[in-house]
Amino acid sequence: MPELPEVETIRRGLEPLVVGRRLGTAWAFPHPKFEAAYEAEGATVTGMARRGKYLLLALHDGHELVVHLGMTGSLQVQPPAAVRGDPYLRASWQLRTSVLAFRDVRRFGRLAVVKRGEYTGTLATQGPDALDGDLDAEGFWLALKASRRAVKTQLLSQRPIAGVGNIYADEALWMAQVHPRRKTVSKPQATALLDAIRQVLTASLGNGGTTLRDYRNADGESGRNQDRLSCYGRAGLPCRRCDTELRAITLDARTATFCPTCQKR
DNA sequence: GTGATAACCTGCTCGC
DNA sequence: TGCGAGCAGGTTATCA
């Protein structure tokens with residue numbers, strides 16, 4: 001599922017292919033989540049940015065095309081023949097000789113066209129981007145302290161920090177030795193957690209992201225980070241730090257994997 | 001305002 | 001072999 005490293009990998013791959021290009025004839029799957037594709041038709045892309053897990057395509061007329069890839073989304077520039085008849089195509093724009101294609105099997109992704117900077121929903125309420133150097137440990141700790149929810153729940157809410165999903169939340173909590181259900185985090189723990197978040201995200205970015213099932217980068221290739229995970233998806237296997245069997249629990253209807261020895265509640 | 005929960009959605013895996 | 005149930009999870013909507 002695309003989290004920050006996967007979205008950033010896609011952004012880097014797409015930027016040279018779409019910036020300066022005009023989005024030609026649009027097509028959208030008939031669902032409100034994708035019909036904004038038509039609003040971007042005819043606009044020229046002037047820039048491509050990312051905030052958390054959102055891709056932001058700046059348009060020449062002062063608007064932005066906001067793309068969230070959901071769990072199974074991908075955005076690629078492809079030859080027209082490659083997208084023809086694709087049952088999972090959710091939106092597309094004709095470029096000069098190719099097609100900018102938004103593909104999403106489970107339809108958890110969405111599109112929106114907004115005035116530049118006028119965001120709504122999670123994009124408006126989320127915290128600083130996880131790789132934004134302006135967020136320091138003090139600010140992160142205060143943001144965590146502001147809520148009494150479990151620390152992993154807070155990470156997934158995107159409010160203290162943006163860009164962390166289930167995979168990297170498990171990985172960072174394991175690295176910082178913080179229990180996912182912990183509701184109060186000390187300043188040193190918050191500092192360690194912020195450092196761990198940045199370490200796991202940076203490492204994954206260097207590996208082209210994590211591919212579990214669906215994720216593909218802008219070139220249609222899988223990431224390589226899934227072979228380097230220490231915690232996520234390893235329930236029942238020994239902890240790489242202490243050999244204790246990793247345990248899986250359900251937190252907010254999602255699986256949280258942790259080491260019961262290293263990550264004390 | 002905050003927190004908890006359900007719903008959305010479809011491919012895959014597992015058990016019968 | 002084929003079928004059905006359960007699982008995966010990011011975001012939004014709804015309710016307490």
Side-chain angles (χ1 to χ4, degrees), chain A residues 1-10 28-36 50-56 66-75 86-91 102-112 114 119-127 129-130 142-173 180-185 197 200-201 204 209-216 222-223 225-226 229 231-237 246-258:
Chain A
M1 59 241 40
E3 300 181 28
L4 188 153
E6 292 76 34
V7 178
E8 178 61 19
T9 301
I10 289 171
F29 184 83
H31 189 286
K33 292 202 292 186
F34 308 110
E35 287 170 351
R50 178 194 56 74
R51 286 187 61 179
K53 304 176 196 174
Y54 290 84
L55 277 172
L56 306 172
V66 180
V67 181
H68 193 287
L69 299 172
M71 283 182 60
T72 56
S74 67
L75 194 62
D86 183 345
Y88 304 120
L89 187 68
R90 303 305 174 202
F102 177 47
R103 190 172 188 274
D104 184 12
V105 173
R106 292 189 204 172
R107 288 193 258 162
F108 273 39
R110 63 180 59 80
L111 302 173
V114 301
Y119 307 126
T120 58
T122 300
L123 185 53
T125 59
Q126 69 183 13
D129 189 89
L142 291 173
L144 289 176
K145 262 180 63 172
S147 170
R148 293 189 174 185
R149 305 171 82 183
V151 62
K152 185 175 176 184
T153 301
Q154 291 205 61
L155 293 180
L156 298 182
S157 78
Q158 309 299 304
R159 291 199 176 194
I161 193 166
V164 179
N166 205 33
I167 296 173
Y168 301 113
D170 274 355
E171 291 294 301
L173 288 165
R181 279 209 171 117
R182 197 174 178 87
K183 295 196 175 184
T184 53
V185 175
I197 288 169
V200 298
L201 293 178
S204 179
T210 301
T211 295
L212 296 178
R213 284 180 187 163
D214 308 278
Y215 164 69
R216 295 291 182 274
S222 302
N225 197 63
Q226 58 278 7
L229 297 178
C231 183
Y232 176 86
R234 297 191 69 249
L237 297 173
L246 297 179
R247 193 176 296 169
I249 55 173
T250 300
L251 183 60
D252 297 322
R254 293 177 209 171
T255 301
T257 308
F258 69 104

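Here is the naming used below: chain letters follow the sequence lines, and residue numbers restart at 1 for every chain.
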Check nucleotides 12-16 of chain C for protein N or O atoms closer than 3.5 Å to its own N or O atoms and list the pairs.
residue: C:dT12; atom: OP2; partner: A:Thr122; partner atom: N; Å: 3.2
residue: C:dT12; atom: OP2; partner: A:Thr122; partner atom: OG1; Å: 2.3

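In terms of modelled atom types and a separation under 3.5 Å, the side chain of A:Asp129 and the main chain of A:Gly52 share a donor-acceptor contact. A:Gln158 places a side-chain N or O within donor-acceptor distance of the main-chain N or O of A:Leu156, the cut-off being under 3.5 Å. Listed for the A:Asp170 side chain is a donor-acceptor partner under 3.5 Å among the backbone atoms of A:Thr257.
The CG atom of A:Asp104 sits 11 Å away from the C1' atom of C:dG10 (whole-angstrom rounding). Taking atom OH of A:Tyr119 as the reference point, atom P of C:dT11 lies 15 Å away to the nearest angstrom. A straight line from CZ of A:Arg159 to P of B:dG3 spans 8 Å, rounded to a whole angstrom. A:Met71 has its CE atom 10 Å from the C1' atom of C:dC7, to the nearest Å. Across the protein-nucleic acid pair, A:Ile161 atom CD1 and C:dG10 atom P stand 15 Å apart, rounded to whole Å.
Using bins of under 30°, 30° to 60° and over 60° for the plane-to-plane angle, the ring pair A:Phe34/A:Phe102 lands in the tilted bin.
Remark: of the listed residues A:Glu6, A:Glu8, A:Glu3, A:Glu8 is the sole one forming a salt bridge (charged side-chain N to carboxylate O under 4.0 Å, His left out) with A:Arg50.
Between A:Leu56 and A:Leu123, some side-chain heavy-atom pair lies under the 4.5 Å cut-off.
Nearest-nucleotide mapping onto DNA chain B: of A:Arg148 and A:Arg107, the residue sitting toward the 5' end is A:Arg148. With DNA chain B read from its 5' end, the first of the two nearest nucleotides for A:Ala253 and A:Ser147 is the one closest to A:Ser147.
For C:dA8, its base never sits under 3.5 Å from the side chain of A:Arg254 at any donor and acceptor pair.
In this structure, A:Thr255 reaches the sugar-phosphate backbone alone: every heavy-atom distance under 4.0 Å involves primed, P, OP1 or OP2 atoms, never a base.
In terms of phosphate contacts, A:His68 brings no side-chain nitrogen or oxygen within less than 4.0 Å of OP1 or OP2 of C:dG10. OP1 or OP2 of C:dT11 sits under 4.0 Å from a side-chain N or O of A:Lys53.
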